[in-house]
Amino acid sequence: MANSGIQLLGFALSLVGVIALIVGTILPQWKMSAYVGDNIITAVAMYQGLWMSCAFQSTGQLQCKIYDSILQLDSALQATRALMIVGIIVSIAGLGVATMGMKCTTCGGNNKVRKSRTAMTGGIILLVGALCAVVACSWFAHNVIRAFYNPYTPVNTKFEFGAAIFIAWGGSFLDVLGGAMLASSCPRSKKPVPKYPAMSGVSARSPSGSTKEYV
């Protein structure tokens, strides 16, 4: 059986990972304007996220605008949205399943083998949710890098990584680590111990069945 301390640590890491995924998904700093032109000092810094775009003025004012229509967005951004939402929902479901199978909880009865299997199932679900988030972040990062090094992209419209994508990346890797710890709760099958019948009689008889006594 897996140690209950490993289960608690895996659950805690997964919980922090899910919170980081939610925060990273909401924040608009998935990519920020890159200052690669001749004019280094600029009055406006642009940020773009999954749900809105923001402009940071030199006066310290931040103005954000939510994307008006989903159909106007490119397919890569829509896929990133969908993968992040699916990853968060699946990870939350995995946390719920893992809670029922942890040793420190009373949910799911007192059957240790069944609870260990439930915790293992929750860990596998967490790994699936984390995989969705890792794919979403990596795909978004690949598109940012490809647009940055594209020679046909205007200099003033080039972007680099923002803080939100690193938060989402960190949350997904914490989710992977915690899910792996919970998935290690797979119960080990014990080999049956053979039971031999007790020997009857006081003295052992000879193989031939003779009762003769030898001097």
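- Going from atom OG of Ser138 over to atom CH2 of Trp169 covers 5.5 Å, rounded to the nearest 0.5 Å.
- Residues passing the salt bridge (charged side-chain N to carboxylate O under 4.0 Å, His left out) test with Asp68, sequence neighbours excluded: Lys65.
- The shortest distance between side-chain heavy atoms of Met120 and Leu182 does not fall below 4.5 Å.
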Please list, one pair per line, the donor and acceptor atoms closer than 3.5 Å that link side chains of residues 17-27 to other protein atoms, with sequence neighbours excluded.
from, atom 1, to, atom 2, distance (Å)
Thr25, OG1, Leu21, O, 2.6

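- Separating the CG atom in Leu126 from the CG atom in Leu131 is a distance of 12.5 Å, to the nearest 0.5 Å.
- Annotation for Met52: hydrophobic cluster partners, listed by chain and number, are Ile66 (ILVMFWY side-chain heavy atoms under 4.5 Å, direct or chained).
- In terms of heavy-atom proximity, Ala119 sits nearest to Gln7 at CB-NE2, 3.9 Å.
- Applying the disulfide bond (SG atoms under 2.5 Å apart) test to every pair with at least one member in residues 154-184, sequence neighbours left out, gives no pairs at all.
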Can you list, pair by pair, the side-chain donor-acceptor contacts under 3.5 Å of residues 77-98, counting residues two or more places apart and other chains?
from, atom 1, to, atom 2, distance (Å)
Gln78, NE2, Ile70, O, 2.6
Gln78, NE2, Leu73, O, 3.1
Thr80, OG1, Ala76, O, 2.8
Arg81, NE, Leu50, O, 2.5
Arg81, NH2, Leu50, O, 2.9
Ser91, OG, Gly87, O, 2.7
Ser91, OG, Asp175, OD2, 2.7

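- Every pair tested for ring-ring contact (aromatic ring centres under 6.0 Å, His included) that includes a residue from residues 81-100 fails, sequence neighbours excluded, so the list is empty.
- A search for ring-ring contact (aromatic ring centres under 6.0 Å, His included) contacts involving Phe11 returns nothing, not counting sequence neighbours.
- Evaluation of the side chain to side chain donor-acceptor pair (under 3.5 Å) rule for Gln29 yields no partner, not counting sequence neighbours.
- The OG atom of Ser33 lies 11.5 Å from the CZ atom of Phe56; values are rounded to the nearest 0.5 Å.
- When all heavy atoms of Gln48 and Ser53 are compared, the pair lying nearest together is CG-CB, 4.0 Å.
- Phe173 and Val135 sit in two unconnected hydrophobic clusters of ILVMFWY residues. Membership requires side-chain heavy atoms under 4.5 Å apart, directly or through other members.
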Tabulate below the donor-acceptor pairs under 3.5 Å that side-chain atoms of residues 141-149 make, not counting sequence neighbours, or state none.
from, atom 1, to, atom 2, distance (Å)
Asn143, OD1, Arg146, NH2, 3.3
Asn143, ND2, Trp139, O, 3.3

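- Among Trp30, Phe166, Phe159, Phe161, the one residue that satisfies the ring-ring contact (aromatic ring centres under 6.0 Å, His included) test with Phe140 is Trp30.
- Contacts classified as ring-ring contact (aromatic ring centres under 6.0 Å, His included) and involving residues 65-90 (residues at least two apart or in different chains) are not found.
- Leu127 belongs to a hydrophobic cluster whose other members, connected by ILVMFWY side-chain contacts under 4.5 Å either directly or through intermediates, are Val176.
- Screening residues 57-86 for disulfide bond (SG atoms under 2.5 Å apart), with sequence neighbours left out, gives Cys54-Cys64.
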